[in-house]
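The chains referred to below are lettered A, B, ... by the order of the sequence lines, with proteins before strands, and numbering in each begins at 1.
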Amino acid sequence: MNFFKVFHSNLSDIVTKLGEAGDLPEGLDTSRITCEPPRDATHGDVATNAAMVLCKQAKMKPRDLAEKLAPEIEKIAHVVSVEVAGPGFINVKLSDEFWHARLKDVLNAGTDWGQSDMGEGQTVNVEYVSANPTGPMHVGHGRGAVVGDALALLLAKAGYKVTKEYYINDAGAQVDVLARSVYLRYREAFGETVEIPEGLYPGDYLVPVGEKLKDVHGDKWLNADEADYLEEIKTFSINAMMDLIREDLAALGVVHDVFSSEKELVDNGGVEAALKYLEDRDLIYTGVLEPPKGKTSEDWEPRPQLLFKASQFGDDVDRPLKKSDGSGTYFASDIAYHFDKFQRGSDQLIDVLGADHGGYVKRMKAAVKAMSEGKAELDVKLAQMVNLLENGEPVKMSKRAGTFITLREVIDKVGKDVVRFIMLTRKNDAQLEFDFAKVTEQSKDNPVFYVQYAHARCYSVFRKAMDEFDGIDLSEANLATADLSHLSDESEIKLMRLMAEWPRLIEAAAKEHEPHRITYFLYDLASEFHSLWNKGTGDVSLRFLHADNLELTKARLALLKAVSLVIASGLLVLGVEPVKELR
RNA sequence: GACCCCGUAGCUCAGCAGGAUAGAGCAACGGAUUCCUAAUCCGUAGGUCGGAGGUUCGAAUCCUCUCGGGGUCGCCA
């Protein structure tokens, strides 16, 4: 439970009560009041801006208002002191017992600690990866995959009903190119020497697809016209590529709930339906676009085309729905796809895309606004580039030279947990450096290791405790019965406070759609824990295990258990497995 | 030309839902190991948050303008 929320509601009650008693005007708007951890810990445990926010309405000076609120706040359970500071902040200090109670909450909740009902069961559709089915995934896709997956897990933890979705772009020109490329590999499988011309996909990964095609269908297409084989080979190839991609995703621990096919959508008339919907609302017309400025485009010629009135919904210009050959643009089918997602009952839509799609965001948001009549909201997270490094030197990659590094190779080299964690050590829209040497290093420079090490350290103490205390019961239930009043050192309190803030962090991160905050939180928690551990090197009384004091030991173990649970809980949201031992 | 992202310590980056004296890590310097893994920790130093206005009791955070870096810009997805 997010105790800041509880505090907020206590505070609202106080304002109401004072209003009824005539000490304050009645019916003050308390919605802008915030209760949060003060930046500076010496200011206490909870800081509220209540007095500053209410002063205008109450027609009082903020500090006077604060002084009025303070005695009431002091009556709230576990509040040990209330102080008015600065321009009118009210700083509240909570008792150690309060933190002890939160520690018990953690033990009782286990890795469910942090689970929130903020989402109120609202439905969110997170679309991510959606790599074209034309080849194996590269590292950039991997970032989108991790960001999307972690975001989905995060939203689920915050109480949303989440659908994880993959959109298969199996209807455009690219899959025709794929089919033609595979056809050449098919001929190659019969012993022919082929050269992959410019414009087709040269990758080796299509060789086995050509061979399999031969195995399944024999030589029936060797001398056939393209029109006879293209569709069948296309379907065959797309399936093969999707198998490949699904394997890559599985290796990364990413599992989608729904795979949607663009082709199916088109075949089922989804695009027409969506365009009809827009047409009925007079949002489509035939017009001529201005040529793009500042960029020399020789082959540009003004041409009337079917346009969506995107500019009515915040886009800069209206956007084309049909190509010059009359077929639909990608945008047209994407409108249909988002329409479909909305109609399937999503209150919120999230797309995780590569940063190169940045120019696409406005028009898609406009489309969603139009298609949902403002009811659904689309948020687009752009996953920026990943730069692969080896000891600080950029890894040179070239498709031609065959030195292109796939996502799978990276996963196989460093493990999925490392990939997932590192991908979330930057916010999604900042470029990310992925250094093979650094991410596998066992030192504090490596955040994955640093956090995992903290978790492993907890377990190292558990093992030692089992040994020294003759198989002591380390279950949460038993540890929760410990006399926690033994936990009073500053570092111990800090740890408990951090863990108590975990639910609030989940809610904030979920609200902002920023899973990377989890990694930073875990780093902080690990840091606080390492710090306490090291205090024990100088001050023996702060060590966790005391052969002569079972009660103290039990309390310390309860703290350790909670730390390990919160770290595990956070890693779970990242899709990373907590380790109990480091080799 | 328009739009999007970025600009915070020498370097790499956080900055929580507008809050108080802006934080970590690296690098630099000085310390801690008879002890549950020192694979770690503690301390010192380092900043006009690119710049200028505005909104606000209060701005790194929101708005406008401006400078610098990156990206995108009908008939690719």
Side-chain angles (χ1 to χ4, degrees), chain A residues 4 32 34 36-40 43 47 49 51-53 55-56 61-62 85-89 91 130-132 134 169 171-175 262 288-295 297 299-303 305 307 315-317 319-320 322-325 327 329-331 333-334 353-362 382 384-385 425-427 429-431 433 441-447 449-450 453-454 456-457 460-465 467-468 501 504-505 507-509 511-512 514 516-517 520-521 523-524 527 530-538 540 543-545 556 560 581-582:
Chain A
F4 293 96
R32 283 189 58 224
T34 60
E36 50 194 12
R39 193 183 315 222
D40 186 342
H43 288 146
N49 61 1
M52 293 178 290
V53 172
C55 63
K56 231 176 213 172
K61 286 182 185 164
F89 282 103
N91 293 327
S130 299
N132 289 329
T134 56
N169 299 130
Q174 301 205 2
V175 285
E262 180 186 3
V288 182
L289 283 177
E290 294 283 312
K293 285 175 185 152
K295 204 193 172 190
S297 37
D299 56 346
W300 199 93
E301 46 184 282
R303 193 181 322 214
Q305 55 190 158
L307 300 171
D315 200 358
D316 310 308
V317 291
R319 302 292 180 176
K322 293 254 164 102
K323 301 181 201 169
S324 47
D325 68 358
S327 63
T329 57
Y330 177 75
F331 181 49
S333 60
D334 218 14
L353 304 175
D356 51 332
H357 291 66
Y360 194 68
V361 175
K362 270 197 180 179
L382 297 175
Q384 258 294 355
M385 281 208 302
T425 52
R426 291 279 177 276
K427 36 185 183 198
D429 48 14
Q431 290 196 16
E433 299 200 335
E441 191 174 283
Q442 302 212 330
S443 80
K444 63 175 181 168
D445 299 351
N446 178 0
F449 173 79
Y450 190 79
Y453 182 42
R457 267 187 156 173
S460 139
V461 179
F462 295 153
R463 283 188 294 271
K464 178 126 182 163
D467 221 37
E468 286 186 8
E501 285 173 11
R504 180 179 185 269
L505 187 108
E507 291 182 354
K511 180 166 184 180
E512 299 299 315
E514 291 186 344
H516 73 276
R517 290 191 194 182
Y520 284 93
F521 174 84
Y523 188 89
D524 287 346
S527 173
H530 287 311
S531 174
L532 171 62
W533 180 293
N534 271 73
K535 271 194 172 181
T537 66
V540 180
R543 292 184 194 171
F544 302 114
L545 304 181
R556 295 264 161 86
L560 280 180
E581 220 170 346
L582 293 158

Discussion item. Both A/Leu382 and A/Leu532 contact RNA chain B. Which one's nearest nucleotide lies toward the 5' end?
Written reply: A/Leu382
Worksheet item: Which residue lies toward the 5' end of RNA chain B, A/His357 or A/Lys56, if each is placed at its nearest nucleotide?
Response: A/Lys56
With respect to the phosphate group of [N], does any side-chain polar atom (N or O) of [X] fall under 4.0 Å of OP1 or OP2?
X        : N     : value
A/Arg543 : B/U37 : no
A/Lys535 : B/C36 : no
A/Trp533 : B/U37 : no
A/Tyr453 : B/C41 : no
A/Ser531 : B/C42 : yes

Distance between [atom1] atoms of [N] and [M] (Å, rounded):
N     : M     : atom1 : result
B/A45 : B/C3  : C1'   : 43 Å
B/C5  : B/C42 : P     : 37 Å
B/C67 : B/G50 : C1'   : 7 Å
B/C49 : B/A9  : C1'   : 10 Å
B/C4  : B/U66 : P     : 13 Å
B/U72 : B/A59 : C1'   : 30 Å
B/C36 : B/C29 : P     : 30 Å
B/G18 : B/A60 : C1'   : 11 Å

Response to the item:
Nearest heavy-atom approach of A/Thr34 to A/Asn49 is N-OD1, 2.8 Å
Discussion item. Any side-chain to backbone donor/acceptor pair from A/Arg517 onto A/Leu505? Under 3.5 Å, distance only.
Written reply: no
Item to complete: Look only at the side chain of A/Arg543 and the backbone of A/Gly536, and say whether a donor-acceptor pair between them is shorter than 3.5 Å.
Response: yes
Fill in: Residue among A/Trp533, A/Phe544, A/Phe462 satisfying side-chain contact (heavy atoms from CB on, under 4.5 Å) with A/Arg457
A/Trp533
Worksheet item: Is the A/Tyr360 ring parallel, tilted or perpendicular to the A/Tyr330 ring (thresholds 30°, 60°)?
Response: tilted
Fill in: Cation-pi geometry met for A/Arg319 and A/Phe331 (6.0 Å, 45°)
no
Discussion item. Under 3.5 Å, is there any donor-acceptor pair linking the side chain of A/Asp356 to the base of B/U72?
Written reply: no
Give the rounded distance in Å between these two atoms: [atom1] of [X] and [atom2] of [N].
X        : N     : atom1 : atom2 : answer
A/Leu353 : B/U72 : CG    : P     : 15 Å
A/Arg303 : B/G74 : CZ    : P     : 13 Å
A/Asn446 : B/C13 : CG    : P     : 16 Å
A/Asn169 : B/A77 : CG    : P     : 8 Å
A/Asp334 : B/A77 : CG    : P     : 11 Å
A/Gln384 : B/U72 : CD    : P     : 10 Å
A/Asp315 : B/C73 : CG    : C1'   : 11 Å
A/Asn534 : B/C42 : CG    : C1'   : 9 Å

Counting Watson-Crick and G-U wobble pairs only, both distances under 3.5 Å, name the nucleotide matched with [N], or none.
N     : result
B/U37 : none
B/A22 : none
B/A52 : B/U64
B/A28 : B/U44
B/U72 : B/A2

When all nucleic acid strands are considered with a 4.0 Å heavy-atom cut-off, which category describes [X]: base, sugar-phosphate, or nothing?
X        : result
A/Phe521 : nothing
A/Lys322 : nothing
A/Gly358 : nothing
A/Gly536 : base
A/Arg319 : nothing
A/Glu468 : nothing
A/Pro320 : sugar-phosphate

Worksheet item: Any luck finding a side-chain donor-acceptor pair between A/Asn132 and A/Thr134 under 3.5 Å?
Response: no
Worksheet item: Hey, would you say the A/His530 and A/Tyr453 ring centroids sit under 6.0 Å apart?
Response: yes
Worksheet entry | By side chain to side chain donor-acceptor pair (under 3.5 Å) - contacts of A/Asn534 (at least two apart) | none
Discussion item. Walk along nucleotides 14-26 of chain B from 5' to 3' and tag each nucleotide B, S or - by protein heavy-atom contact under 4.0 Å, base first, then sugar-phosphate.
Written reply: SSBB-BB---SSS
Worksheet item: To the nearest 0.5 Å, how far apart are CE in A/Met385 and CD in A/Glu433?
Response: 10.5 Å
Discussion item. Looking only at the side chain of A/Leu545 (C-beta and beyond, no hydrogens), which of the listed nucleotides B/A39, B/U40, B/C36 gets closest?
Written reply: B/C36
